[in-house]
Amino acid sequence: MRAERESDFNPFLKGNFAPWRMEGDGADLEVDGEIPSDLAGTYYRNGPNPAYEPLGRYHWFDGDGMIHSIRIEDGRAFYRNRYVHSDGLSEEQTAGRALFPGLLSLSATEAPRFKNTANTNIVFHGGKLLALVESSLPTELAPCTLDTIGVYDFAGRLVGPMTAHPKIDPVTGDMHFFGYSPFPPYLQYHRADASGTLVVSRAIDAPWPSMIHDFAITAGHVIFLVCPIVFSFENLSQGKPLFSWEPERGTRIGAMPMGGGEAAVRWLETDACFVFHPMNAYEDGHEIVLDVARYEQLLFMSPKASRDPDWRGKNVARLHRWRIDLAKGVVRGDALDDGDGEFPRVDERRVGRKARFGYIAATGPEGNDTLHPVFTAIRKYDLERGTFETRAFGRGNGAGEPLFVPRRADAAEDDGYVIALVYDQARNASDFLILDARDLCGEPIATVHLPHRVPYGFHGNWVPAA
Ligand SMILES: [Fe+2]
């Protein structure tokens, strides 16, 4: 009889959350429908994919990054997947087993061995393809082969971690980002110019040390979100999770004028909540409009989190609009949807500007009775009209983050494609879906059948062919 293993019961190591451990290539994939001739480029998707049976409790955020790429060229599709070959993963490959503890196994008494998993997002900026995880420096990959080039620190200029959610200003081409830390300074802002040179690094006076997953920009401001999830080494020393939920603190929204100094960050208060991902933000007179996927609370570090049947109901996000009145110093909040969803996106050409349309991975009409964040639908919002439409895939067929790809660089905001990875439970494999953005619920333009399943993961981006 063998000892019980984490993968025997942890929902994030089962079904389509289970890792896919083979690296491979698939040429000229089978397609239903027809890939549009004007679609040319590569979709890159990152996600956690533990290479070895975890040492202790496994958290979904722990796994080694694996990049899945789908290259579209002349109406044909090519697949490739590779691990981010971090130094930590190389050590483990030499040992033939896991060597690093996960988030739920950190100890206050032992200095944790730490791995840069680069498992959360993958972005292309300044000619570099960067795999990102918020605890660490970026990892540079080769865009065609997905070979790991190594840790990237902007020619020695970036000291400290980089968020997995940088924002590329569609007008200037600048990449804005930040890093957070449990130690002062808790928050640092950075900006790389369009060529990828790091030109600004600045400490931000954050109200408390918090997990800050994402942020937003407008044409004139950088917006930081500090939620009441607080780094607590005291808790850790008592055997509790590293992050504690302290709703009495409320939530702080920081608005920093672009080009402004540290003192210019203005912190406004709103109700306690948690936000992993804003959808977008823009300036509207003296107000900033900020749409986010908002959680009432976040218990993601609770040891019971992944096994408590009540967990799903407590940990769902809904699209929510904040109007931040900088003249009056107040924040007004309104729900935009009473259904839940995550991974909100807009047309990248509208980042920081008013966008009419937004996209989200949503819970399907059948609901979600699992303990997993499985989203079996894609929802498209018309934020101007206040309406949405939903394309559902059926129970068990989870969709990933939907992306909008314009038909041409100068196409109208809604003129293009919505692309997403969708798991087909019956085939136990994934499809790459290409939908008409103006006909979300109609027949797909093309369904690319991938050679195997792509585990549910985090974020991706489309890089147009050069
Ligand atoms: Fe994220």
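These numbers come from the heavy atoms of this one structure, side chains and all, not from hydrogens, waters or symmetry mates.
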Chemist: Report the residues that fulfil side-chain hydrogen bond (donor to acceptor under 3.5 Å, both in side chains) with D338, sequence neighbours left out, ordered by chain and then residue number.
Modeler: none

Chemist: Measure the spacing between CZ of R332 and CZ of R321 and express it to the nearest 0.5 Å.
Modeler: 10.5 Å

Chemist: Can we say D347 and R356 salt-bridge, meaning some charged N sits less than 4.0 Å from an Asp/Glu carboxylate O?
Modeler: no

Chemist: Taking atom types as modelled, find out whether Y282 and E287 have a side-chain donor-acceptor pair closer than 3.5 angstrom.
Modeler: no

Chemist: Quick check for you: to the nearest 0.5 Å, what is the distance between N49 atom CG and T117 atom OG1?
Modeler: 11.5 Å

Chemist: Looking at D431 and R453, does any basic side-chain N land under 4.0 Å from a carboxylate oxygen?
Modeler: no

Chemist: Any Lys/Arg nitrogen of E6 or R57 sitting under 4.0 Å from an Asp/Glu carboxylate oxygen of the other?
Modeler: yes

Chemist: With sequence neighbours left out, what residues match R294 under side-chain hydrogen bond (donor to acceptor under 3.5 Å, both in side chains)?
Modeler: E296

Chemist: What about F12 and Y58, are their ring centers closer than 6.0 Å?
Modeler: no

Chemist: Verify the ring-centre separation between W208 and Y186: is it less than 6.0 angstrom?
Modeler: no

Chemist: With rounding to the nearest 0.5 Å, note down the distance linking CE in M162 to CD in Q188.
Modeler: 13.5 Å

Chemist: Roughly how far, to the nearest 0.5 Å, is the CH2 atom of W267 from the CG atom of D205?
Modeler: 8.0 Å

Chemist: Does the side chain of T363 pick up a donor-acceptor pair with the side chain of D340 at under 3.5 Å?
Modeler: yes

Chemist: Is E366 salt-bridged to R395, cutoff N-O under 4.0 Å?
Modeler: no

Chemist: Please enumerate all residues that pass ring pair (Phe, Tyr, Trp, His ring centres under 6.0 Å) together with F343, with sequence neighbours excluded.
Modeler: H277, H459

Chemist: Is the shortest side-chain heavy-atom distance between L13 and P19 below 4.5 Å?
Modeler: yes

Chemist: Run the salt bridge (charged side-chain N to carboxylate O under 4.0 Å, His left out) test on R408 and D410 for me, step by step, so that the C-alpha distance in whole Å, both residues' side-chain angles and the decisive distance to 0.1 Å come before the verdict.
Modeler: CA-CA 5 Å; R408 293 182 312 276; D410 61 350; 3.1 Å; yes

Chemist: Taking the six-membered ring for Trp, are F154 and Y152 parallel (under 30°), tilted (30 to 60°) or perpendicular (over 60°)?
Modeler: tilted

Chemist: Compare every heavy atom of T42 with every heavy atom of S69, then report the nearest pair and how far apart it is.
Modeler: CB-CG2, 3.9 Å

Chemist: For the residue pair I378 and F393, establish whether any side-chain heavy-atom pair is separated by less than 4.5 Å.
Modeler: yes

Chemist: Pair D415, R407 - check salt bridge (charged side-chain N to carboxylate O under 4.0 Å, His left out), show working.
Modeler: CA-CA 6 Å; D415 184 12; R407 194 180 305 277; 2.7 Å; yes

Chemist: Check the angle between the aromatic planes of F243 and F231 and answer parallel, tilted or perpendicular using the 30° and 60° thresholds.
Modeler: tilted

Chemist: Ring of F215, cation from K167 - is the NZ or CZ under 6.0 Å from the centre and inside 45° of the axis?
Modeler: no

Chemist: Give the intermediate values and the outcome of salt bridge (charged side-chain N to carboxylate O under 4.0 Å, His left out) for residues D169 and R191.
Modeler: CA-CA 10 Å; D169 187 302; R191 187 171 78 238; over 6 Å; no

Chemist: For a quick test of reading the model, state the closest non-hydrogen atom pair linking A255 to I288 and the distance between them.
Modeler: CB-CD1, 4.4 Å

Chemist: Looking only at side chains, do E134 and T163 share a donor and an acceptor under 3.5 Å apart?
Modeler: no

Chemist: Could you walk me through whether R323 and D284 pass salt bridge (charged side-chain N to carboxylate O under 4.0 Å, His left out), step by step?
Modeler: CA-CA 9 Å; R323 295 195 79 96; D284 185 16; 2.4 Å; yes

Chemist: Answer yes if the side chains of Y423 and N428 hold a donor-acceptor pair under 3.5 Å, and no otherwise.
Modeler: yes

Chemist: Under 4.0 Å between a side-chain nitrogen and a carboxylate oxygen: does that hold for K115 and D64?
Modeler: yes

Chemist: Ring centroids only, cut at 6.0 angstrom: are W462 and Y417 within range, meaning strictly under it?
Modeler: no

Chemist: Out of curiosity, F100 CZ to F114 CZ, how far, rounded to the nearest 0.5 Å?
Modeler: 10.0 Å

Chemist: So how far is it from L141 CG to I122 CD1, rounded to the nearest 0.5 Å?
Modeler: 5.0 Å

Chemist: Would you please indicate yes or no on a ring centroid separation below 6.0 angstrom for Y189 and F178?
Modeler: no

